[in-house]
Amino acid sequence: MGKILKMRTTFTFILWILSLAVFAQKEDIKQLCLKIDKAIEEFPQYVAQHESKITATRSTYRQATDPRQKYEAAFKLYELYRPFVSDSAIYFLRQCTAIADQLADRSAAVKCRSLLALRCSNIGMYDEAKMTLDSITPSADIEPIALGTYYAAYNNVFSELAYYTRLDDMRKTYLERAGQYEELMFKYLPPTDETCIIRRELNALNSGDLKTSMSINDEWLKTVEPGSHPYAMVALYRYLEYKALRDTAQMMHWLGESVLADIRNATMDQGSMWELANELMLKGDIERASRYISYTSDCANRFGSRQRNWQITPLFSAITKDYKARNDRTTSQLRVLLGAISVLALLLLGLLLFLHRRNKQLFTARNALKASNDELAEANRQLGAQTDELSALNTQLSTLNAQLTESNRVKEEYIGRFMSLCSQYIDKLDNYRKMVNKKMKNKELEELMRISKSTELKERELDELFENFDSVFLHLFPNFIDDFNALLKPEMQVRPKEENSLTTDLRIFALIRLGFEDSSKIAEFLHYSVNTIYNYRARIKNGALGNREDFEKQVKAL
């Protein structure tokens with residue numbers, strides 16, 4: 001028995017630790033998303049900063065007269081446009097190529113044409129990339145860096161073709177060609193070159209050698225500045241490695257680092273944001289995933305990458321499918337809500353008829369009481385011996401008649417306003433139904449979700465209810481606020497900030513003046529807790545000029 005209890009205790013402790021870990025992970029992801037949301041809001045500022053750099057470099061390019069200086073300015077513009085606008089990056093690479101040909105700098109020309117082919121293959125223009133590379137004739141007089149870039153471009157073209165082809169035999173051929181050019185790339189490029197580092201890390205990652213890939217990434221991380229565009233690349237590959245290790249916390253941390261670096265560097269070609277949207281969709285956060293994928297799709301369109309759009313399309317499809325399922329659930333909920341509203345409308349109509357009947361009964365009773373009062377007054381005049389007794393009785397009946405008259409006047413006023421509010425409410429329900437129907441037709445599901453989650457409608461209707469109550473009450477008892485404050489010490493007196501309105505204190509004692517003594521009923525009307533109403537009543541009574549126990553009786557007599 002003791003062993004069983006010990007095992008249960010251990011199991012419970014493990015579950016507790018796991019639940020804490022899951023909660024902490026959700027909080028970390030939430031904080032990460034809040035940072036990213038803020039960065040996206042500031043994205044136009046980052047874009048403006050990047051464009052200012054481009055503008056300054058363009059000015060240098062236009063003013064350059066020496067071909068070598070013009071080449072350097074054009075190449076700088078290519079580097080600025082490379083993650084920003086693909087077409088502009090390609091344009092300035094062509095300018096670099098033309099200047100290199102003019103200078104008869106064959107190595108620079110080969111390097112620029114190779115980079116042009118690399119740009120084309122990265123955005124899905126494989127024919128253009130291959131034609132550009134086929135136009136190059138490698139020779140011994142070309143610098144190793146240029147030759148390495150040339151072979152790296154060929155490697156990238158065939159690697160991309162192998163990834164996207166659906167033909168197994170062609171994939172095999174493409175991979176063989178990519179491997180051949182990879183060997184030549186490693187031969188001519190220095191090991192510290194970013195292209196070589198990425199290729200070595202990918203090879204280790206794809207082969208499952210995570211220890212080696214992590215080691216390469218560690219060395220690469222030491223060479224980049226935190227928050228820079230290269231840092232975003234390092235963080236993205238680090239995310240892939242932690243994803244392979246199934247370390248969710250580290251994986252999301254580095255993916256977030258990559259996303260933030262991309263946003264803050266005004267990067268338009270954002271692979272990390274696409275990955276983040278996919279991860280959030282898998283975790284069930286469809287709304288944020290949809291927002292992020294829309295954002296990265298806009299960036300991809302501005303960048304001009306067909307390849308990135310190919311990657312985004314399946315995720316868009318998955319999000320659309322999930323939204324359809326949510327839409328079906330929302331439709332069912334709306335049908336139930338409309339049914340409930342219809343039942344409520346019928347109940348309101350029944351209540352209205354009941355109040356109308358009661359009003360007629362009160363009117364009849366008042367007339368009967370008035371007739372009795374007249375008869376008693378006549379009897380009082382005829383019976384002089386019983387003058388004092390009948391006079392007292394007449395006074396009592398007059399007071400009762402006045403109370404009934406006032407009660408009738410209050411009920412008539414509130415019933416009239418109630419009938420008006422019921423009519424307005426039915427119109428509002430119908431308008432709400434029309435709005436819901438329109439948004440469903442227009443497929444504005446996200447807006448419907450936002451409206452259904454918001455408490456704005458309830459708060460607005462409560463404000464209107466209180467405004468109507470205040471207006472009718474002050475119409476019936478125009479001197480109530482002054483008379484009420486006359487019962488209180490100066491420091492406890494209550495003055496509304498606006499005319500024709502009541503504060504919460506005044507509203508509570510206005511209800512008491514109308515005959516509502518039960519705190520639970522007052523709390524139900526004002527949407528407060530019973531304890532809150534009790535505290536309000538106690539606080540005001542403590543500020544009474546006279547006996548606090550008689551305070552509410554005095555309020556009822558106002």
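All residue numbers refer to positions in the sequence shown, counting from 1.
- Using a cut-off of 4.0 Å between Lys/Arg side-chain N and Asp/Glu carboxylate O, Asp218 and Lys222 are scored as not salt-bridged.
- With Tyr81 as the partner, the ring pair (Phe, Tyr, Trp, His ring centres under 6.0 Å) test is satisfied by one option alone out of Tyr91, Phe92, Phe75: Phe92.
- Nearest approach of Ile263 to Ala39, heavy atoms of both residues: CG2-O, 3.5 Å.
- When side chains are defined from C-beta on, Lys243 counts as touching Glu275, because their heavy atoms get closer than 4.5 Å.
- A salt bridge is defined here as a Lys NZ or Arg NE, NH1 or NH2 lying under 4.0 Å from an Asp or Glu carboxylate O, and Arg106 with Glu143 fails to meet this definition.
- Thr195 and Asp193 form a side-chain donor-acceptor contact under 3.5 Å, judged by distance and modelled atom types alone.
- Of the N and O atoms on the side chains of Glu279 and Tyr292, not one donor lies less than 3.5 Å from an acceptor on the other residue.
- One N or O on the side chain of Thr60 and one on the backbone of Ala56 form a donor-acceptor pair closer than 3.5 Å.
- Minimum heavy-atom separation, Ser114 to Ile136: OG-CD1, 3.8 Å.
- One finds the CG atom of Leu280 at 4.5 Å from the CG atom of Leu276 (value rounded to the nearest 0.5 Å).
- Checked for salt-bridge contact, Lys172 and Asp169 miss the test: no charged N lies under 4.0 Å from a carboxylate O.
- Looking at Arg460 and Leu462, their side chains never come closer than 4.5 Å, going by heavy atoms from C-beta outward.
- Here the straight-line distance linking atom CD1 of Ile36 with atom CG of Leu32 works out to 4.0 Å at 0.5 Å rounding.
- One finds no salt bridge joining Glu41 and Lys38 here, because no Lys/Arg side-chain nitrogen approaches an Asp/Glu carboxylate oxygen to under 4.0 Å.
- Annotation: side chain of Ile99 is not in contact with side chain of Asp105 (no heavy-atom distance under 4.5 Å).
- Minimum heavy-atom separation, Ala109 to Ala100: N-CB, 3.6 Å.
- By the 4.5 Å heavy-atom criterion applied to side chains, Glu72 and Leu77 are not counted as neighbours.
- In this structure, OG1 in Thr212 is found 12.5 Å from CG in Asn217, a value given to the nearest 0.5 Å.
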With a cut-off of 3.5 Å and sequence neighbours excluded, list every side-chain donor-acceptor pair involving residues 177-185.
{"residue": "Arg177", "atom": "NH2", "partner": "Tyr181", "partner atom": "OH", "Å": "3.3"}
{"residue": "Glu182", "atom": "OE2", "partner": "Asn203", "partner atom": "ND2", "Å": "3.0"}

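- Residues Lys111 and Leu115 have side chains in contact (heavy-atom distance under 4.5 Å, counting atoms from C-beta outward).
- A salt bridge links Arg288 and Asp37; the closest N-O separation between the charged side-chain nitrogens and carboxylate oxygens is under 4.0 Å.
- In terms of heavy-atom proximity, Val157 sits nearest to Ser121 at CG2-CB, 3.7 Å.
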Show, in sequence, the C-alpha distance, side-chain angles and deciding distance for Met268 and Val85, and conclude whether the side-chain contact (heavy atoms from CB on, under 4.5 Å) test is met. CA-CA 7 Å; Met268 296 296 175; Val85 179; 5.6 Å; no
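- Taking the centre and axis of the six-membered ring of Tyr61, the NZ or CZ atom of Lys70 falls inside the cone set by 45° and 6.0 Å.
- With hydrogens and angles ignored, the 3.5 Å screen pairs a side-chain donor or acceptor of Arg200 with a backbone N or O of Pro191.
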Evaluate side-chain contact (heavy atoms from CB on, under 4.5 Å) for Cys112 paired with Tyr78, printing each intermediate quantity in order. CA-CA 10 Å; Cys112 292; Tyr78 151 70; over 6 Å; no
Run the ring pair (Phe, Tyr, Trp, His ring centres under 6.0 Å) check on Tyr295 and Phe43 step by step: do they pass? CA-CA 11 Å; Tyr295 163 76; Phe43 186 64; 5.3 Å; yes
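- When only modelled atom types and interatomic distance are considered, Glu42 and Tyr46 share a side-chain donor-acceptor pair under 3.5 Å.
- Remark: side-chain polar atoms of Thr165 are not paired, donor with acceptor, to backbone N or O of Ala162 under 3.5 angstrom.
- A distance-only check finds no donor-acceptor pair linking the side chain of Ser215 to the backbone of Lys211 [under 3.5 Å].
- Ion pairing of Asp101 with Arg113 is present here, as a side-chain N (NZ or NE/NH1/NH2) and a carboxylate O approach within less than 4.0 Å.
- What you find for Ser107 and Ile142 is that their closest heavy atoms are OG-CA, 3.5 Å.
- Closest approach of Ala244 to Leu205, counting heavy atoms only: CB-CD1, 4.4 Å.
- Partner Ser272 forms a side-chain hydrogen bond (donor to acceptor under 3.5 Å, both in side chains) with one of Thr267, Asp262, Thr296 and no other, that one being Asp262.
- Residues Thr532 and Ser529 bring a donor and an acceptor atom of their side chains to less than 3.5 Å of each other.
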When you look at Gln31 and Leu34, which way does the side-chain contact (heavy atoms from CB on, under 4.5 Å) test go after all the steps? CA-CA 5 Å; Gln31 293 301 319; Leu34 289 175; 4.2 Å; yes
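- At least one donor-acceptor pair closer than 3.5 Å links the side chain of Ser52 to the backbone N or O of Gln49.
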Yes or no on side-chain contact (heavy atoms from CB on, under 4.5 Å) for Leu202 and Tyr237, after CA distance, side-chain angles and deciding distance? CA-CA 8 Å; Leu202 274 177; Tyr237 282 102; 3.6 Å; yes
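- For the pair Phe84/Val47, a side-chain contact is recorded, criterion being any heavy-atom separation below 4.5 Å from C-beta on.
- At least one side-chain heavy atom of Arg238 sits less than 4.5 Å from a side-chain heavy atom of Leu221.
- Counting only N and O atoms by type, the side chains of Ser59 and Gln63 include a donor and acceptor under 3.5 Å apart.
- Annotation: the span from Ile198 atom CD1 to Ile216 atom CD1 amounts to 11.5 Å, rounded to 0.5 Å.
- The backbone N or O of Thr132 sits less than 3.5 Å from a side-chain atom of Ser135, completing a donor-acceptor pair.
- The distance from the CG atom of Asp134 to the OG1 atom of Thr137 is 10.0 Å, given to the nearest 0.5 Å.
- Within the 3.5 Å criterion, the main-chain N or O of Leu255 finds no donor-acceptor partner in the side chain of Ser258.
- For Tyr174, there are no ring pair (Phe, Tyr, Trp, His ring centres under 6.0 Å) partners at least two apart in sequence or on another chain.
- Applying the ring pair (Phe, Tyr, Trp, His ring centres under 6.0 Å) criterion to Tyr231, with sequence neighbours excluded, gives no partner residue.
- For Glu524, the CD atom counts as loosely surrounded, since its 6.0 Å shell holds 12 or fewer non-hydrogen atoms of other residues, nucleotides or ligands.
- Contact of the Asn265 side chain with the His50 side chain is not registered, since no non-hydrogen atoms from C-beta on lie closer than 4.5 Å.
- Expressed to the nearest 0.5 Å, how far CD of Glu128 lies from CD1 of Ile90 amounts to 8.5 Å.
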